[in-house]
Engineer: 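Questions regarding the structure given below will be posed in turn.
Protein chains get the first letters and strands the later ones, always in sequence-line order, with residue 1 at the start of each. Only a predicted model underlies this, so the values are computations on that prediction, with no experimental measurement involved.
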Amino acid sequence: MTAPISSAPVVTRFAPSPTGFLHIGGGRTALFNWLYARGRGGKFLLRIEDTDRERSTPEATAAILRGLTWLGLDWDGDVVSQFERRDRHAEVAHEMLVRGTAYKCFSTQEEIATYRSAREAEGASYAAFVSPWRDADPATYPDAPYVIRMKAPRTGETLIEDQVQGRVVIKNETLDDMIVLRSDGTPVYMLAVVVDDHDMRVTHVIRGDDHLNNAARQQMVYDAMGWAVPTWAHIPLIHGPDGKKLSKRHGATGVEEYQAMGYPAAGMRNYLTRLGWAHGDAEIFTSAEAMQMFDLAGIGRAPARLDFKKLENTCGHHMAMADDAALLHELRAFLTAAGLSALTDVQEVRMKEAVPFLKKSAKTFPELLEKAAFLMVSRPVAQDEKAAASLDTVSRGILKSLTPRLRNASWSKDALEPILNEIAAEYGIGFGKLAAPLRAAIAGRTVTPSVYDMMLVIGRDEVIARLEDASS
RNA sequence: GGCCCGUUCGUCUAUCGGUUAGGACACCUGGUUUUCAACCAGGUAAGAGGGGUUCGACUCCCCUACGGGCUGCCA
C-alpha cells in the first residue's frame, strides 16, 4: 500500500461518457466536484470516458464541454481521453496477470451464455459466471483469443467507506471475476476508471450513486495493484417532479436546454448546489460563497426532485445581483443560444440603460426581454388589444396636450414627474389613468416597466414621436 | 430473483435522543403600488406503516410497503 492520500491536495474529476448532451444530473455532479476542489485549493480534472467506440461521438464531447463552459465550471489541464490511454490500461491488466491477481480466460461468449442458461434451468436465480480458467495451469492454455479477468476474492466482504452513503458492506461472494481486458485487447470501464483515477492522482471520487455497487468492484482493482483507494462520495441521482428518474418526458434534461430557456448560469449553479445539498439555512449565495461552504457531509442521501419554480426564484435573485455589464453580455449569449436575432445598435444602447432596473424583477432572460419590449420595438409601435382600448379619443387628447410640454423639459425623472402630475390634475384624473395611455403609446401594451424608466431609456425624441403616432 | 441504497411540509432541506420539528420555494391572506412584477407582514402545511431499544425517539435496531441502483467482452 502506498501512503494514505488523505493529506494530499484535493484532486477531483468529472468523467462523463460522450454518448449525448450534458445531462442536468451530470452537470450537478460536475458542479459538486468543482466546488469541492475549488473550495480547497485543489484541482478539478475532466476526463472523457470514450472507451465505448460504438456509442462515443466527438459531437457529444463538444456538447459536454459547451455545457460545462456555460455553467462556468472550468477544469484544470487538458481534457483527458480515456480511449487514448488504452495501452496504459492494457499494461496494468498484464501487470495484474504477473501479480497473479488476474488470469486469462478462454471461455467464449457462447460458453458463458450456455453456462448461464444451464444454471437458470437448475433454478438458480442469479448465475454469475465461474470461469474454468481461474486456476488453470498456463501449460494448458490454448492458442485462442482470451479476456483477462480479475481473480476476485470468494469469501469475506468488501467495505466501502462512503462519505455520503456511510459504510456499505458488500459480500465478496456476490462479486464475480469481472473482465478487465476484452478479447480484442481493449480495456473495460471498470479497469480504465481505476487506472486513470490513480494515474491522475484523484483523491476524491464524487459521482452518481448508480456507481455505488461498482465501487466494490473497483476497489478490487485498487487492491490488486496495491494502490490507495480514493475517498468515495456517491451522490443520489436527480429525479423529475413526479419522483421518477429524470427522463425526456419530464422536459429539459440537457444543461444546454436550460441555457436556451434563459436561466442565468449563476442562478443555475446556485439552484443545483442546493439540490441535494444544504448548509444550514443558506439559500442564495455566490459561487465563491458556495466554495467556502461546500462539504461532503452536507450532501443528502435521498434523490432530489427538480422544482422549476424554485429554480426560477433562485435565478431571479441572481439576475438582480448580477453586474450590469456581465448580465448584458450573458443576454447576448442567450440570444445566440436560443436562436434569436442579436440586438441592433439602437437596442444595445437602450438595453444598457434599462438593464439596471429590468434585472430587478426578471427571473430569466425571456422575462427580461418581455419587460424590455418597449425598447425592442420600433415605430410605429403596434398596439395590442388592451392598449388600443386605452387609447380612446379622450386619452389621445391628453397625450396631444402633453407633447409640447415634454419638448422643453429637462430629461430626468425629477423634471418629468411634476409635468405628468400637472397634466393629470388638469384633466382631473389620477396618475393611474394617465399612465395607461402612456404605456400604450410608448410600449403598445398595458403591462410595462415604470413610465418614467421607459421614457428615460428611449429618450425625448422617441417618446414624443411615439406619443404623436398614438395621438394622431 | 439476488445484492445495495433511500423514505421529515406539495418541493428543496435543518435537526446529528429531549425543539411549540426551523428555513426556503410554491400556495393562501393582507399591505405597498402607476399596470405586471418586485417588495413587506402574516397564514396553511411534514417525520411512509408496524414493532422494538430507551425515562424519552424524526433521530438507534428489526420487519413491511414504496422508490431507485447494480447484477454485460456498456459506461
Engineer: Categorize A:Asp184 for me: base, sugar-phosphate, or nothing, with a 4.0 angstrom heavy-atom threshold over every strand shown.
Structural biologist: nothing

Engineer: Base, backbone or nothing for each nucleotide of nucleotides 3-9 of chain B, written B, S, -, heavy atoms under 4.0 angstrom, 5' to 3'?
Structural biologist: -SSSS--

Engineer: Whole-Å distance between B:rA24 P and A:Ile284 CD1?
Structural biologist: 11 Å

Engineer: Can you sort out the partners of A:His211 under side chain to side chain donor-acceptor pair (under 3.5 Å), two or more places apart, ordered by chain and number?
Structural biologist: A:Tyr189, A:Asn214

Engineer: Select base, sugar-phosphate, or nothing to describe what A:His234 touches, counting heavy atoms under 4.0 Å on all strands.
Structural biologist: nothing

Engineer: Please report the distance separating the C1' of B:rU33 from the corresponding atom of B:rG10, rounded so that it comes out in whole Å.
Structural biologist: 31 Å

Engineer: How far does CG of A:Leu71 sit from CG of A:Leu272, to the nearest 0.5 angstrom?
Structural biologist: 6.5 Å

Engineer: Nearest whole angstrom, please: distance from the C1' of B:rA75 to the NE2 of A:His89.
Structural biologist: 13 Å

Engineer: I'd like to check the side chain to side chain donor-acceptor pair (under 3.5 Å) partners of A:Ser183; sequence neighbours left out, ordered by chain and number.
Structural biologist: none

Engineer: Name all residues meeting the side chain to side chain contact (heavy atoms under 4.5 Å, CB included) criterion together with A:Ala152; count only those two or more places apart in sequence or in a different chain, and write none if there are none.
Structural biologist: A:Asp177, A:Met220

Engineer: What interatomic distance, in whole Å, is found between P of B:rU29 and the corresponding atom of B:rU44?
Structural biologist: 15 Å

Engineer: Heavy atoms under 4.0 Å, any strand shown: does A:Pro236 hit a base, just sugar-phosphate, or nothing?
Structural biologist: nothing

Engineer: For the P atoms, the ones on B:rA41 and on B:rU8, what distance do you get once it is rounded to whole angstrom?
Structural biologist: 29 Å

Engineer: Could you list the residues that satisfy ring pair (Phe, Tyr, Trp, His ring centres under 6.0 Å) with A:Trp75, not counting sequence neighbours?
Structural biologist: none

Engineer: Using whole Å, what does the distance between atom P of nucleotide B:rU35 and atom CE of A:Met454 come to?
Structural biologist: 13 Å

Engineer: Does anything in residues 414-430 of chain A come within less than 4.0 Å of RNA chain B? Heavy atoms only, and list the residues if so.
Structural biologist: none

Engineer: In terms of the angle between their ring planes, are A:Tyr115 and A:Phe129 parallel, tilted or perpendicular, with boundaries placed at 30° and 60°?
Structural biologist: perpendicular

Engineer: In residues 307-323 of chain A, what residues come within less than 4.0 Å of RNA chain B, judged by heavy atoms?
Structural biologist: A:Asp307, A:Lys309, A:Lys310, A:Asn313

Engineer: Taking any heavy-atom pair under 4.0 Å as a contact, classify A:Lys363: base, sugar-phosphate, or nothing.
Structural biologist: sugar-phosphate

Engineer: With side-chain contact (heavy atoms from CB on, under 4.5 Å) as the test, pick out the partner of A:Trp232 among A:Ile160, A:Ile206, A:Leu212.
Structural biologist: A:Ile160

Engineer: Just by modelled atom types, is the A:Trp133 backbone N or O under 3.5 Å from a matching donor or acceptor in the A:Ser131 side chain?
Structural biologist: yes

Engineer: Which part of the nucleic acid does A:Arg55 contact within heavy-atom distance under 4.0 Å: base, sugar-phosphate only, or nothing?
Structural biologist: base

Engineer: Show me the donor-acceptor pairs within less than 3.5 Å that the side chains of residues 429-440 of chain A make with the rest of the protein, sequence neighbours left out.
Structural biologist:
from	atom 1	to	atom 2	distance (Å)
A:Arg439	NH1	A:Thr448	OG1	2.9
A:Arg439	NH1	A:Pro449	O	3.1

Engineer: Determine the contact category for A:Glu283: base if any of its heavy atoms lies under 4.0 Å from a base atom, sugar-phosphate if only primed atoms, P, OP1 or OP2 are that close, otherwise nothing.
Structural biologist: base

Engineer: Give me the distances for all protein-to-nucleotides 45-48 of chain B N/O pairs that come in under 3.5 Å?
Structural biologist:
none

Engineer: Considering only atom C1', compute the distance from B:rC9 to B:rC25 and round it to an integer number of Å.
Structural biologist: 12 Å

Engineer: What integer number of Å spans the P atoms of B:rC58 and B:rC16?
Structural biologist: 14 Å

Engineer: So, do A:Phe44 and A:Phe14 have ring centers that fall under 6.0 Å from each other?
Structural biologist: no

Engineer: For A:Val188 and A:Tyr271, take the nucleotide of RNA chain B holding the closest heavy atom to each; which residue's nucleotide lies nearer the 5' end?
Structural biologist: A:Tyr271

Engineer: Going by ring pair (Phe, Tyr, Trp, His ring centres under 6.0 Å), name the residues that satisfy it together with A:Phe365, two or more places apart in sequence or in a different chain.
Structural biologist: A:Phe334

Engineer: When we call it a touch if two heavy atoms are under 4.0 Å apart, what does A:Met178 touch: a base, just sugar-phosphate, or nothing?
Structural biologist: nothing

Engineer: Look at all strands and tell whether A:Ser107 reaches a base, only sugar-phosphate, or nothing, counting heavy atoms closer than 4.0 Å.
Structural biologist: base

Engineer: Compute the ring centroids of A:His204 and A:Tyr36, then answer whether they are less than 6.0 Å apart.
Structural biologist: yes

Engineer: If you look only at pairs with a residue in residues 266-294 of chain A, which of them pass as a salt bridge (charged side-chain N to carboxylate O under 4.0 Å, His left out), with sequence neighbours excluded?
Structural biologist: A:Arg274-A:Glu283, A:Glu283-A:Lys310

Engineer: Look at all strands and tell whether A:Ser361 reaches a base, only sugar-phosphate, or nothing, counting heavy atoms closer than 4.0 Å.
Structural biologist: base

Engineer: Does the structure show a Watson-Crick or G-U wobble partner for B:rU19, both distances under 3.5 Å? Name it, or say none.
Structural biologist: none

Engineer: Map A:Ser450 and A:Leu275 onto RNA chain B by nearest heavy atom, then report which one ends up closer to the 5' terminus.
Structural biologist: A:Leu275

Engineer: Expressed in angstrom and rounded to an integer, what is the separation of A:Met220 atom CE from B:rC70 atom P?
Structural biologist: 18 Å

Engineer: I'd like to check the salt bridge (Lys or Arg N to Asp or Glu O under 4.0 Å) partners of A:Arg86; sequence neighbours left out, ordered by chain and number.
Structural biologist: none

